Amino acid sequence: MTEPLETRLEIQTGDGVVFRLPLAGLVSRWLALAIDSGAVGVLLYAALLINQLFPAVLRDTSAALRIALTFAVTLGYAISLEWFLGGRTLGKRVMNIRVADARGLRLRFPQILIRNLLNSVDALPVFHVLGGTVALFNSRMQRLGDLAAGTIVLRDGAIRVPELPAENAGRVNSMAAHRTLAARLRYKTDPEIARIALEALRRRDAMQPDARLQVFAELAAGFRGLVEFPEDATQFLTDEQYLWNVVEILFQRPTRRAV
């Protein structure tokens, strides 16, 4: 019997606060795979054309070389793009989905390597029938590669930054003026952590005061560890105010110029 499919990945903090991230559907994942297969086909065709430029003595080994090129391009395409583009390939970007750690942690390179090494197994016998079947019998729609690597595929999309509380209305973002540091923060922040910070601010009024203080303190400490802003930009900010500034930098350009 299949488990009921989940539509969101739930992450619970030590304080009992639950955050939910939307899971990608099997149709969007299959369409992303089709786009990536087309891109790999183009790369392979280009690589084989280049191979024809080599001397005849090298072309005698063309069969072995074609196998090596196919393996290198197919595997290298997915691994390199997912690593450098935050869990996204060309197809995933088009379909607004991405690979993520199943526990909501930062996606690590060994996870990307494992899930893509097992892609050839998931592809059996044809058109990823095995991987799709396993995903259908898995509540989080994980194929074999995802189960082995501890990964999951999430939906991306337009994210609306929540309105500021009334007591913070009209304030300015004191950190936004440091554009180089803000750009570095956007580069170094893991998408899952950014979404959790956003969800924490959305749910602030539903949290118990002590839990809210603890959650915001832990999140703010994590962001402070990524990029250190000048003291004059952060010294009078509470953890919650610091987190508002971070979320504004990550998800939108501030509408007011920082002082």
Side-chain angles (χ1 to χ4, degrees), residues 9 21-54 58-59 61-103 105-136 138 140-157 186-192 194-195:
L9 169 65
L21 304 176
L23 294 176
L26 293 180
V27 174
S28 60
R29 292 175 64 176
W30 188 88
L31 291 174
L33 177 64
I35 294 171
D36 288 329
S37 297
V40 169
V42 171
L43 291 175
L44 283 174
Y45 180 73
L48 293 176
L49 284 180
I50 294 173
N51 179 43
Q52 298 302 314
L53 301 177
F54 284 90
L58 293 179
R59 289 201 297 269
T61 61
S62 58
L65 186 58
R66 279 197 298 269
I67 294 174
L69 279 174
T70 300
F71 181 79
V73 171
T74 303
L75 197 60
Y77 168 86
I79 291 176
S80 58
L81 289 187
E82 286 184 1
W83 176 241
F84 289 109
L85 299 182
R88 301 170 181 86
T89 57
L90 175 62
K92 291 183 178 68
R93 287 187 74 94
V94 171
M95 299 308 301
N96 290 319
I97 62 177
R98 60 187 169 84
V99 179
D101 181 273
R103 299 166 296 173
L105 303 177
R106 188 177 184 86
L107 186 64
R108 295 175 289 111
F109 183 78
Q111 292 175 290
I112 295 174
L113 181 63
I114 291 171
R115 79 182 303 273
N116 282 289
L117 284 174
L118 288 176
N119 190 48
S120 58
V121 178
D122 279 307
L124 297 174
V126 290
F127 303 123
H128 283 74
V129 170
L130 177 58
T133 302
V134 171
L136 281 174
N138 183 280
R140 292 184 171 184
M141 294 178 283
Q142 293 169 291
R143 61 177 178 84
L144 289 175
D146 289 318
L147 291 171
T151 56
I152 206 162
V153 183
L154 301 176
R155 284 192 291 112
D156 273 335
R186 285 191 289 269
Y187 175 77
K188 297 180 70 173
T189 298
D190 185 84
E192 287 79 42
R195 286 175 179 270

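Just so it is clear, the structure is predicted and the values come from calculations on it, not from any experiment.
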Show every donor-acceptor pair shorter than 3.5 Å between a side-chain atom in residues 31-44 and any protein atom, with sequence neighbours excluded, or say none if there are none.
residue, atom, partner, partner atom, Å
Asp36, OD1, Tyr77, OH, 2.6
Asp36, OD1, Thr89, OG1, 3.2
Asp36, OD1, Gly91, N, 2.7
Asp36, OD2, Thr89, OG1, 2.6
Ser37, OG, Leu33, O, 2.8

Going from [atom1] on [X] to [atom2] on [Y], what distance comes out if it is rounded to the nearest 0.5 angstrom?
X: Leu124; Y: Asn119; atom1: CG; atom2: CG; result: 10.0 Å
X: Ile97; Y: Lys92; atom1: CD1; atom2: NZ; result: 6.0 Å
X: Ile79; Y: Arg115; atom1: CD1; atom2: CZ; result: 10.5 Å

Determine whether a donor-acceptor pair (N or O, by modelled atom type, separation under 3.5 Å) exists between the side chain of [X] and the backbone of [Y].
X: Arg93; Y: Leu85; answer: no
X: Arg155; Y: Leu23; answer: yes
X: Gln142; Y: Ile152; answer: no

Option from Thr151, Asn138, Asp122 for which side chain to side chain donor-acceptor pair (under 3.5 Å) with Arg143 holds: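 Going through Thr151, Asn138, Asp122 one by one, the side chain to side chain donor-acceptor pair (under 3.5 Å) with Arg143 is satisfied by Asp122 alone.
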Criterion side-chain contact (heavy atoms from CB on, under 4.5 Å) on Val99 and Gln111, from CA distance to verdict: CA-CA 10 Å; Val99 179; Gln111 292 175 290; over 6 Å; no
Can you give me the closest heavy-atom contact between [X] and [Y], atom names plus distance?
X: Phe109; Y: Trp83; value: N-CZ3, 3.3 Å
X: Ala148; Y: Leu118; value: CB-CD1, 3.4 Å
X: Gly87; Y: Leu107; value: CA-CD2, 4.0 Å

Trace of the salt bridge (charged side-chain N to carboxylate O under 4.0 Å, His left out) decision for Asp190 with Arg108: CA-CA 11 Å; Asp190 185 84; Arg108 295 175 289 111; over 6 Å; no
Arg140 bridged to Asp146 by N-O distance under 4.0 Å: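 The answer is no: the pair does not qualify as a salt bridge.
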